[in-house]
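Following: one structure in structure tokens, then a few remarks.
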Amino acid sequence: MKSIKKAIIPAAGYGTRSLPITKVLPKEMFPIACKPAIEYIVEEAIDSGIEELLIVVSRHKNLILDYFDRSLDYEAFLEKKGKHNLLEKIMNPRINIQYVRQPFADGLGAAILLGKKFVGNDPFAVLLPDDLFVKKEQSALQELINVYENYHSSVIALEKVKEELLKNYGVVKGSKLKDRSYEINDIVEKPRFNAPSNLAVSGRYIFTPSIFSYLEKINKGVGGELQLTDAIKELLILENCYGVQVTSKRYDIGTEEGYFKILQHFMSNRKEQEDR
Ligand code: UTP
């Protein structure tokens with residue numbers, strides 16, 4: 001069985017919910033303490049055994065490439081000043097990162113499709129960079145990998161969501177297996193009414209490479225975008241797909257509320273450490 005060593009981070013969206021700041025600052029670069037949000041996503045990937053990353057960017061996301069590049073001037077400056085403890089802070093994460101540009105934000109499905117060559121014949125993970133998960137014991141992605149290792153099929157992260165909020169998510173119909181895992185029978189993108197359950201899709205996935213054949217088959221869906229949900233719906237006709245209600249806490253930094261909440265989380269953690 002092939003293990004999950006590759007991951008795609010789609011980061012080419014316009015971030016319209018966070019305007020006006022996203023005109024100049026991608027939401028993936030929003031600071032959380034002294035690191036940008038996307039660094040926590042890269043750390044989660046490394047923590048879960050990922051070795052190769054493809055980040056899907058756009059013309060407005062060059063800051064992400066700059067951030068993960070070496071800063072030779074900072075290195076020289078800190079070296080000269082003998083500030084070796086700070087040098088460690090600016091070292092790049094130990095992972096191979098590649099980039100591809102999405103010319104126009106025509107959907108999450110279209111962004112993932114750009115990773116077809118990178119993925120080849122391997123199963124792979126997708127981490128949405130606006131969903132930050134704070135782990136309890138294992139990372140959210142690791143929880144998905146555990147389920148993948150049982151079934152060798154695609155796996156989606158799920159979260160129970162209040163009924164009035166389901167219209168903002170992909171929502172699944174699933175049969176409960178054991179612990180927090182489900183076999184998924186159906187999926188609906190942003191149901192306006194009659195949602196099939198209260199289990200919403202959140203931003204971590206594992207796919208077998210067959211997902212690309214479904215992404216290539218579907219037409220543009222909700223919002224005129226190529227929807228990942230529609231490809232998953234096609235996949236469900238021919239293949240098994242599983243869901244896992246992850247134990248990590250999710251913060252959607254694409255909303256003001258989610259962003260404030262994760263800052264609060266970091267601040268109260270810091271206070272706890274100071275009080276010890
Ligand atoms: P979202 O819909 O949450 O992000 O897409 P968005 O489009 O950037 O933000 P809003 O809704 O306008 O505020 C989920 C993820 O998929 C990526 C986004 O960057 C985000 O990380 N995405 C979305 C792409 O990479 N390409 C797309 O065409 C659409």
Side-chain angles (χ1 to χ4, degrees), residues 7-30 32 36-45 53-65 67-68 97-116 118-119 124-133 140-141 156-159 161 165-171 187 189-191 200-207 211-212 215-216 218-232 250-262:
I8 300 179
I9 300 180
Y14 280 103
T16 54
R17 285 169 299 162
S18 310
L19 280 169
I21 188 69
T22 41
K23 282 197 295 180
V24 293
L25 183 69
K27 64 180 165 184
E28 296 79 12
M29 296 301 291
F30 285 1
I32 295 166
I38 195 165
E39 189 158 359
Y40 295 93
I41 306 292
V42 172
E43 285 173 357
E44 181 186 334
L53 263 184
L54 178 73
I55 306 184
V56 183
V57 291
S58 67
R59 167 181 290 274
H60 303 285
K61 306 280 174 133
N62 292 340
L63 271 183
I64 299 177
L65 281 73
Y67 183 77
F68 289 119
I97 306 183
Q98 300 177 38
Y99 301 90
V100 62
R101 257 196 185 179
Q102 186 181 13
F104 187 75
D106 48 1
L108 176 57
I112 293 172
L113 199 44
L114 291 171
K116 188 178 173 190
F118 164 82
V119 163
F124 65 103
V126 173
L127 299 99
L128 301 193
D130 39 7
D131 271 347
L132 256 73
F133 285 88
L141 181 57
I156 299 173
L158 301 173
E159 183 185 85
V161 162
L165 298 176
L166 287 168
K167 62 177 186 307
N168 303 318
Y169 294 88
V171 181
I187 186 166
E189 180 67 11
K190 301 192 170 76
V201 174
S202 57
R204 299 291 180 271
Y205 310 80
I206 287 174
F207 290 115
I211 191 69
F212 291 108
L215 283 167
E216 281 167 337
I218 56 170
N219 296 314
K220 290 192 170 167
V222 174
E225 295 185 355
L226 211 62
Q227 295 288 352
L228 178 60
T229 306
D230 294 341
I232 297 172
R250 184 178 69 95
Y251 297 89
D252 177 1
I253 61 146
T255 66
E256 246 178 39
E257 196 197 353
Y259 182 60
F260 287 150
K261 281 200 171 149
I262 195 156

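Positions are given from 1, in the same order as the sequence printed here. Below, all heavy atoms of this structure are taken into account, side chains as well, without hydrogens, waters or symmetry copies. Whatever order the structure lists them in is the order used to number ligands and atoms, beginning at 1.
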Who's the nearest protein heavy-atom neighbour of [atom], and how far?
atom	value
atom 8 (O) of ligand 1	Gly15 N, 2.9 Å
atom 19 (O) of ligand 1	Gly13 N, 2.8 Å
atom 16 (O) of ligand 1	Leu108 CD1, 3.5 Å

Which one of [options] has a non-hydrogen atom at the shortest distance from [atom]?
atom	options	result
atom 14 (C) of ligand 1	Ile9, Asp130, Thr255, Ile41	Asp130
atom 6 (P) of ligand 1	Lys27, Gln102, Arg17	Lys27
atom 27 (C) of ligand 1	Gly107, Gly109, Pro26	Gly107
atom 10 (P) of ligand 1	Asp252, Thr16, Asp131, Leu127	Thr16

Region of Ala111 that comes within reach of ligand 1 [heavy atoms, distance under 4.0 Å]: side chain
If you measure from each non-hydrogen atom of Val56 to ligand 1, which part falls under 4.0 Å: side chain, backbone, both or neither? neither
Less than 4.5 Å apart, side chain to side chain, heavy atoms only: is that true for Phe124 and Phe118? no
Contact with ligand 1 for Gly254, non-hydrogen, under 4.0 angstrom: no
Under a heavy-atom criterion of less than 4.0 Å, does Pro129 contact ligand 1? yes
Ligand 1 atoms in contact with Asp106 (distance to a heavy atom under 4.0 Å): 28 (O)
What are the two closest heavy atoms between Leu54 and Leu114, and how far apart are they? CD2-O, 4.3 Å
Using distance alone, decide if ligand 1 has a nitrogen or oxygen within less than 3.5 Å of any nitrogen or oxygen in Phe104. no
Does atom 2 (O) of ligand 1 have a protein heavy-atom neighbour under 4.0 Å away? no
